[in-house]
There are 2 protein chains.
Amino acid sequence: MARPKSEDKQKAILNAAIQEIAEHGVSAPTARIAKIAGVGEGSLFTYFSNKDELLNQLYLYIKEELRESMMSDYPKTESVQNRIRHAWNTYVKWGVANPQKRIVLAKLGMSNKVSEQTKTQGSEAFADIFNMISESTANGLLRNYPTSFLSAIMGSLADTTMNFIAGNPAQTEYFNNAGFEAFWSAIVNA
Amino acid sequence: MARPKSEDKQKAILNAAIQEIAEHGVSAPTARIAKIAGVGEGSLFTYFSNKDELLNQLYLYIKEELRESMMSDYPKTESVQNRIRHAWNTYVKWGVANPQKRIVLAKLGMSNKVSEQTKTQGSEAFADIFNMISESTANGLLRNYPTSFLSAIMGSLADTTMNFIAGNPAQTEYFNNAGFEAFWSAIVNA
DNA sequence: TATAAATGAGCGAGTACTCGCTCTATAGCA
DNA sequence: TGCTATAGAGCGAGTACTCGCTCATTTATA
């Protein structure tokens with residue numbers, strides 16, 4: 001009966017926010033984000049009730065994209081090592097291909113503008129990987145650490161790996177392999 | 001011939017900045033920092049020419065304190081594994097004892113207000129550890145990765161460990177040992 | 001035509017930093 | 001050992017600017 005909201009504009013705002021926040025931090029002004037998105041500043045507030053809401057939505061938007069990247073061809077039937085390797089590879093590949101999104105995720109995570117609830121919601125998407133690790137710990141294949149600890153180790157070593165690839169793209173293969181080797185040795189039961 | 005600057009006030013400002021930035025991020029207002037330090041806002045600018053300068057000095061201030069913590073009883077003559085373990089233990093201990101400083105270091109590091117030069121200067125203090133790792137790689141004791149990569153692995157695994165200890169202080173010993181075990185397995189030559 | 005999206009000037013609450021002033025530790029002198 | 005001149009620390013109201021957000025108006029769609 002009236003003018004409908006446009007999904008395109010919502011995404012334009014989110015993508016503009018990624019650009020601006022990657023470069024200038026979470027304090028990037030809404031005026032600038034709107035300008036880059038090609039909408040009026042007022043419109044930003046018809047799609048997001050306030051800036052905090054935008055930041056929380058942005059966090060979930062990026063996490064969801066990452067999830068799709070990692071899960072689209074997830075090899076459910078292969079060995080645990082192969083599945084973990086697949087998760088590692090797709091994560092690193094995504095991070096290298098999307099440096100801004102990776103930075104924004106990190107900045108948002110540290111910003112105390114993103115609520116705990118949002119963060120929890122963001123990790124739920126990765127339940128498959130979480131469960132796989134959990135089962136492998138029970139098997140005795142992996143060290144008997146809490147699953148959340150093993151996941152966090154994966155995250156931090158993958159992040160470190162991506163940082164080195166970002167600083168030296170010619171060595172992408174080398175650092176990806178070295179990183180995984182270190183990670184696997186760290187978690188596998190000796 | 002005139003009134004001398006007070007080292008106490010300078011430190012009061014730096015410590016107030018730690019408190020405020022840990023809680024509210026690098027955008028914590030200078031007015032608030034000055035108030036908590038117990039000095040006039042104007043005085044803040046006689047000790048630091050602008051806010052960026054304050055942030056860079058703060059970064060070095062914290063790094064220096066960390067260095068002292070890690071190096072004060074560094075066992076130069078012991079085995080490599082013991083020295084690395086000592087570095088790990090003192091780092092984790094410092095981080096657990098100084099959660100705010102650890103957060104501030106992370107926030108500053110991500111903020112693009114701290115210059116590359118400052119960051120370089122901040123890592124120079126840890127040359128001893130860097131060299132030890134470098135020699136141990138040459139020995140064949142550690143995996144043949146770039147020393148900077150091995151150092152980064154240590155940093156990120158120690159950080160992850162501290163996060164888990166922070167969330168579960170009763171398990172301090174457990175996570176410290178588990179973290180080191182994972183770290184050592186990750187870097188030692190198989 | 002009724003409704004809601006779209007807009008950007010405008011608002012008030014901050015922001016980093018300045019400025020004119022006061023206060024005080026020291027140097028120099030007797 | 002006092003006394004004073006002086007550089008510069010200390011201060012916080014003021015300044016120019018930026019921020020998130022609103023609202024009156026215009027535009028597009030069911």
Side-chain angles (χ1 to χ4, degrees), chain A residues 1-59 61 104 107-108 110-115 118, chain B residues 1-59 61 104 107-108 110-115 118:
Chain A
M1 207 180 196
R3 207 165 165 183
K5 287 193 202 179
S6 135
E7 200 181 321
D8 283 0
K9 273 185 185 158
Q10 157 140 258
K11 287 194 175 168
I13 293 169
L14 289 168
N15 288 320
I18 289 168
Q19 243 182 269
E20 277 304 294
I21 291 174
E23 204 161 337
H24 300 104
V26 293
S27 61
T30 51
R32 227 182 150 67
I33 292 169
K35 184 156 205 177
I36 288 185
V39 304
E41 188 177 4
S43 299
L44 188 150
F45 291 95
T46 94
Y47 286 92
F48 304 96
S49 58
N50 52 48
K51 195 182 174 185
D52 273 19
E53 170 77 10
L54 166 62
L55 297 178
N56 278 269
Q57 289 298 114
L58 181 58
Y59 183 88
Y61 175 67
V104 171
K107 289 195 171 175
L108 287 175
M110 291 224 56
S111 75
N112 66 303
K113 302 281 184 124
V114 171
S115 70
T118 298
Chain B
M1 208 184 194
R3 204 168 168 180
K5 287 191 200 178
S6 136
E7 200 180 319
D8 283 1
K9 274 187 182 156
Q10 155 139 260
K11 287 193 173 166
I13 293 169
L14 289 168
N15 288 320
I18 289 169
Q19 244 183 269
E20 278 303 294
I21 291 175
E23 203 162 337
H24 300 105
V26 293
S27 60
T30 51
R32 226 183 151 66
I33 293 168
K35 184 156 203 178
I36 289 184
V39 304
E41 189 175 3
S43 299
L44 188 150
F45 291 95
T46 94
Y47 285 92
F48 306 95
S49 58
N50 51 50
K51 195 182 175 183
D52 273 19
E53 170 77 9
L54 167 63
L55 296 177
N56 278 268
Q57 289 298 114
L58 181 57
Y59 183 88
Y61 175 68
V104 171
K107 291 195 171 176
L108 288 175
M110 293 224 56
S111 75
N112 66 303
K113 302 280 184 124
V114 171
S115 70
T118 298

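Here the structure is a predicted model, which is why all the values come from computation and not from measurement. Below, chain A is the first sequence line, B the second, and so on; all start at residue 1. No hydrogens, no waters, no symmetry mates; every other heavy atom, side chains included, goes into these values.
No option in I13(A), V104(A), N15(A), V114(A) other than V104(A) meets the side chain to side chain contact (heavy atoms under 4.5 Å, CB included) test with L58(A). The side chain to side chain contact (heavy atoms under 4.5 Å, CB included) with K9(A) is formed by just one residue from the set L44(A), V39(A), L14(A); it is V39(A).
Between F48(B) and L55(B) the shortest side-chain heavy-atom distance does not fall below 4.5 Å.
Proximity of T46(A) to the phosphate of dA5(C): no side-chain N or O atom is located under 4.0 Å from OP1 or OP2. For K9(A), no side-chain nitrogen or oxygen approaches OP1 or OP2 of dA5(C) to under 4.0 Å. Residue Y47(B) has a polar side-chain atom (N or O) positioned under 4.0 Å from OP1 or OP2 of dG10(D).
Identified under the side chain to side chain donor-acceptor pair (under 3.5 Å) test for residues 37-48 of chain B, with sequence neighbours left out: T30(B)-E41(B).
The shortest heavy-atom contact between E23(B) and N112(A) is O-ND2, 3.5 Å. Of all heavy-atom pairs spanning I36(A) and A16(A), the tightest one is CG2-CB, 3.7 Å. A12(A) and A37(A) get closest at one heavy-atom pair: O-CB, 3.5 Å.
Rounded to the nearest 0.5 Å, atoms OG (S27(B)) and CZ (R32(B)) are 11.5 Å apart. Atom CD of E53(A) sits about 13.5 Å away from atom NZ of K113(A), to the nearest 0.5 Å. In this structure, the separation between OG1 on T118(A) and CG on L108(A) is 10.0 Å, given to the nearest 0.5 Å.
Of the possible polar contacts, none joining the D52(A) side chain to the S115(A) backbone as a donor-acceptor pair under 3.5 Å is found. In this structure, the side chain of N50(A) does not engage the main chain of F45(A) through any donor-acceptor pair within 3.5 Å. K11(A) contributes no side-chain N or O that, together with a main-chain N or O of S6(A), makes up a donor-acceptor pair within less than 3.5 Å.
Listed in residue order, the members of residues 48-55 of chain B having a heavy atom less than 4.0 Å from DNA chain C are N50(B), K51(B). Shown for residues 18-31 of chain A: no residue has heavy atoms falling under 4.0 angstrom of DNA chain C.
Residues that satisfy the salt bridge (charged side-chain N to carboxylate O under 4.0 Å, His left out) test with K5(A), not counting sequence neighbours, are absent from this structure.
The distance from atom NZ of K5(A) to atom C1' of dT29(D) is 16 Å, rounded to the nearest whole Å. The NZ-P distance, from K35(A) to dC19(D), rounds to 13 Å in whole Å. In this structure, D8(A) atom CG and dA6(C) atom P are separated by 11 Å, rounded to whole Å. The distance between atom CD of Q10(A) and atom P of dA5(C), rounded to the nearest whole Å, is 12 Å. Residue F45(B) contributes atom CZ, which lies 13 Å from atom C1' of dC19(C) at whole-angstrom precision. Atom P of nucleotide dT22(D) and atom CG of L44(A) are separated by 12 Å, given to the nearest angstrom.
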Distances for protein N or O near nucleotides 9-13 of chain C N or O, under 3.5 Å:
none

Between the protein and nucleotides 25-27 of chain D, are there any N/O to N/O pairs under 3.5 Å, and if so, what are the atom names and distances?
{"unit_1": "dT27(D)", "atom_1": "O2", "unit_2": "R3(A)", "atom_2": "NH1", "d": "2.9"}

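Checking dT29(D), dG10(D), dA6(C) against the side-chain heavy atoms of P4(A) singles out dT29(D) as nearest.
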